[in-house]
Amino acid sequence: MDIIRVFSMNLKKYRTAIGLSQEAFADRAGLHRTYISAIECGKRSIALDNVQKIADALEIDTYLLFIDNDSKNIREVH
């Protein structure tokens, strides 16, 4: 699992679901727009305190940003 790719895809998915531009979301999260853009493009790693800022700004539980819903490697529990 590429955790940076998963995080970046989830950030963009949740941000667009609430109808915010990168700039408006960055303002809400207290981060810079270019930082949000770099995260969404998978070009930057992210500090844990910023993960929490992002989750708070999205009004979601932090762990949701790390769930790989598109993975083909999900194993069924029997």
Side-chain angles (χ1 to χ4, degrees):
M1 171 194 302
D2 180 352
I3 197 66
I4 294 172
R5 181 190 62 79
V6 170
F7 188 93
S8 64
M9 288 175 35
N10 283 332
L11 169 55
K12 186 172 185 175
K13 175 182 74 172
Y14 287 112
R15 177 185 60 76
T16 58
I18 59 175
L20 289 178
S21 66
Q22 286 181 345
E23 186 170 3
F25 177 73
D27 286 342
R28 180 187 276 193
L31 300 167
H32 197 276
R33 187 205 55 81
T34 58
Y35 182 69
I36 297 299
S37 176
I39 293 168
E40 286 188 1
C41 291
K43 295 180 180 176
R44 287 205 58 166
S45 294
I46 183 168
L48 288 175
D49 58 335
N50 289 337
V51 169
Q52 189 62 57
K53 287 179 184 180
I54 287 169
D56 290 347
L58 292 169
E59 298 180 355
I60 62 171
D61 290 325
T62 306
Y63 77 91
L64 293 172
L65 292 165
F66 296 99
I67 295 177
D68 187 358
N69 291 320
D70 296 329
S71 177
K72 305 292 186 225
N73 298 322
I74 298 174
R75 297 181 185 164
E76 291 184 30
V77 177
H78 296 284

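Predicted model, so just to flag it, every value in this text is computed and none were measured.
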### Task
Measure the CD1-SG distance between I36 and C41 for me, rounded to the nearest 0.5 Å.
11.5 Å
### Query
Rounded to the nearest 0.5 Å, how far apart are NZ of K43 and OG of S8?
11.5 Å
### Message
Restricting to side chain to side chain contact (heavy atoms under 4.5 Å, CB included), what partner residues turn up for D56, sequence neighbours left out?
### Response
Q52
#### Entry: Residues forming a side chain to side chain donor-acceptor pair (under 3.5 Å) with Q22, sequence neighbours excluded
E40
Using atom types as modelled, flag every donor-acceptor pair under 3.5 Å from a side chain in residues 23-33 to any protein atom, sequence neighbours excluded.
residue	atom	partner	partner atom	Å
R28	NH1	A57	O	3.0
H32	ND1	T34	N	3.1
H32	ND1	T34	OG1	2.8

### Task
Determine whether I39 and Y63 fall in the same hydrophobic cluster, where Ile, Leu, Val, Met, Phe, Trp and Tyr are linked whenever their side-chain heavy atoms lie under 4.5 Å apart.
yes
### Cluster link F66 to M9, ILVMFWY, side chain under 4.5 Å
no
### Query
Is it true that atom NZ of K12 has more than 12 heavy atoms of other residues, nucleotides or ligands lying nearer than 6.0 Å?
no
#### Entry: Residue among I54, N10, L65 satisfying side chain to side chain contact (heavy atoms under 4.5 Å, CB included) with I60
L65
### Option from L64, I18, L20 for which side chain to side chain contact (heavy atoms under 4.5 Å, CB included) with L58 holds
I18
### Task
List the atom of I46, the atom of Y35, and the distance in Å for their closest heavy-atom pair.
CG1-OH, 3.3 Å
